[in-house]
There are 2 protein chains.
Amino acid sequence: MPGKADLSKLNCSVAGALNIVGDWWSLLILRDALMGVRRFSEFKQSLGLARNILADRLRRLVEDGVLIREGSERRPLYRPSEKGRALAPALIALMQWGDVWVSKSRPPVVVTDHEGRKIDSITLQANGRALSFDELRFEPGIGAAPHTRAFLAKLARRERNG
Amino acid sequence: MPGKADLSKLNCSVAGALNIVGDWWSLLILRDALMGVRRFSEFKQSLGLARNILADRLRRLVEDGVLIREGSERRPLYRPSEKGRALAPALIALMQWGDVWVSKSRPPVVVTDHEGRKIDSITLQANGRALSFDELRFEPGIGAAPHTRAFLAKLARRERNG
DNA sequence: ACAATTGGTCCTAGATTGCAACCAAATTGC
DNA sequence: GCAATTTGGTTGCAATCTAGGACCAATTGT
């Protein structure tokens with residue numbers, strides 16, 4: 001079946017997330033929604049994507065519970081749900097990475113708290129203490145298939161040896 | 001020009017980031033690489049994607065400096081660069097979101113520190129204090145185009161009024 | 001009442017994806 | 001040392017997805 005991948009079979013939460021917001025536009029639509037964009041035409045103007053694609057993505061994001069469609073049937077508003085708002089850390093982590101590693105110019109948008117203080121750069125922590133990448137380990141979880149277990153064990157073994 | 005969007009013109013760091021890792025496979029390839037996967041055939045087996053797509057994505061990720069291609073020309077190893085490792089927070093934030101909001105089963109992979117303690121869930125903070133979504137503000141940055149400024153001002157105005 | 005705006009749908013051309021077949025170099029088995 | 005297998009791709013084809021524009025019904029504005 002050519003055309004598009006079905007990531008939902010990969011038994012991986014990243015794949016599950018990407019199956020919902022993994023295409024080129026969905027995350028940008030959500031970012032606009034989190035910033036306060038609500039109307040079809042505003043998304044269209046802000047992102048400059050084709051109408052049919054925008055309609056399709058909005059429908060899908062509503063189906064997946066990331067956005068809520070409300071107001072009149074013919075002129076709806078799209079508002080982020082709690083599930084959508086919960087993506088803010090991932091989105092902002094991506095933005096910060098883009099600021100540091102991709103953009104040539106200074107950041108166009110800054111995220112602050114309600115008193116205008118720039119938010120901290122997002123880090124990995126355990127028990128409130130920051131972790132470097134080298135301290136991370138990937139362990140099989142409760143939902144790990146045998147095949148996943150073997151896979152992780154092989155990688156960990158290699159890490160220790162070579 | 002149908003086919004694919006050029007996100008690089010959006011003057012947005014999220015778009016810049018997505019222009020590099022915004023397709024269905026790139027982030028999953030990077031996730032594997034961060035977990036220790038190194039060889040073409042290992043990525044292929046782990047993700048189950050087509051060979052030509054994998055070859056294309058690996059080449060692009062190397063071009064963009066996220067992965068480093070090393071070892072023999074004919075049997076290279078792909079290792080995450082510092083730029084690639086810097087994506088770990090965004091990736092893990094996405095994984096945590098998938099664990100909570102998407103997966104039906106228990107998490108297949110758990111990220112811990114070097115002593116096996118589960119890492120904290122990733123949150124937004126300012127001055128070390130956790131922020132709720134409602135406390136966030138999106139302000140124009142130094143690199144904001146006039147059009148971006150007007151856009152953000154309109155959204156902020158609306159937030160205050162209606 | 002009338003024109004403009006909004007929120008779509010439909011159609012078409014071109015780009016992208018997945019799959020299978022193929023291939024050369026490197027590694028393995030004996 | 002030599003054949004067989006594995007590795008890391010490339011190429012071609014068919015199906016799918018994308019961008020863009022034309023079109024349309026229902027609100028909204030005047």
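Everything numeric here is computed off the predicted structure, so don't read it as measured data. Just so it is clear: chains get the letters A, B, ... in the order the sequence lines come, proteins before strands, and each one is counted from 1.
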Can you list the residues that meet the side-chain contact (heavy atoms from CB on, under 4.5 Å) rule with Ala145(A), with sequence neighbours excluded? Asn11(A), Thr148(A)
Nearest-Å distance, [atom1] ([X]) to [atom2] ([N])?
{"X": "Arg57(B)", "N": "dG8(D)", "atom1": "CZ", "atom2": "P", "result": "19 Å"}
{"X": "Trp24(B)", "N": "dC17(D)", "atom1": "CH2", "atom2": "P", "result": "10 Å"}
{"X": "Leu28(B)", "N": "dT17(C)", "atom1": "CG", "atom2": "P", "result": "14 Å"}
{"X": "Arg39(B)", "N": "dA26(C)", "atom1": "CZ", "atom2": "C1'", "result": "10 Å"}
{"X": "Leu77(B)", "N": "dT27(C)", "atom1": "CG", "atom2": "C1'", "result": "15 Å"}
{"X": "Asp23(A)", "N": "dT17(C)", "atom1": "CG", "atom2": "C1'", "result": "14 Å"}
{"X": "Gln45(A)", "N": "dG8(C)", "atom1": "CD", "atom2": "P", "result": "17 Å"}
{"X": "Ile29(B)", "N": "dT17(C)", "atom1": "CD1", "atom2": "C1'", "result": "13 Å"}

Considering only side-chain heavy atoms of Ile53(B), which listed nucleotide, dG18(C), dA26(C), dT6(C), is closest? dG18(C)
Polar atom pairs between nucleotides 9-12 of chain D and protein, under 3.5 Å, N or O only, would you list them?
{"from": "dG9(D)", "atom 1": "OP2", "to": "Tyr78(B)", "atom 2": "OH", "distance (Å)": "2.7"}
{"from": "dG9(D)", "atom 1": "N7", "to": "Arg51(B)", "atom 2": "NE", "distance (Å)": "3.1"}
{"from": "dG9(D)", "atom 1": "O6", "to": "Arg51(B)", "atom 2": "NE", "distance (Å)": "3.3"}
{"from": "dG12(D)", "atom 1": "O6", "to": "Asn52(B)", "atom 2": "ND2", "distance (Å)": "3.4"}

Has [X] got more than 12 heavy atoms of other residues, nucleotides or ligands less than 6.0 Å from its [atom1]?
{"X": "Glu70(B)", "atom1": "CD", "answer": "yes"}
{"X": "Arg106(B)", "atom1": "CZ", "answer": "no"}
{"X": "Arg74(B)", "atom1": "CZ", "answer": "no"}

Residue-phosphate contact under 4.0 Å: Trp25(B) side-chain N/O, dT17(C) OP1/OP2: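 So the side-chain polar atoms of Trp25(B) never come under 4.0 Å of the phosphate oxygens OP1 or OP2 of dT17(C).
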Can you name the nearest heavy-atom pair linking Met35(B) to Leu152(A), along with the distance?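 Here Met35(B) and Leu152(A) meet closest at CE-CD2, 3.6 Å.
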Pair Arg69(A), Tyr78(A): side-chain N/O donor-acceptor within cut-off below 3.5 Å: yes
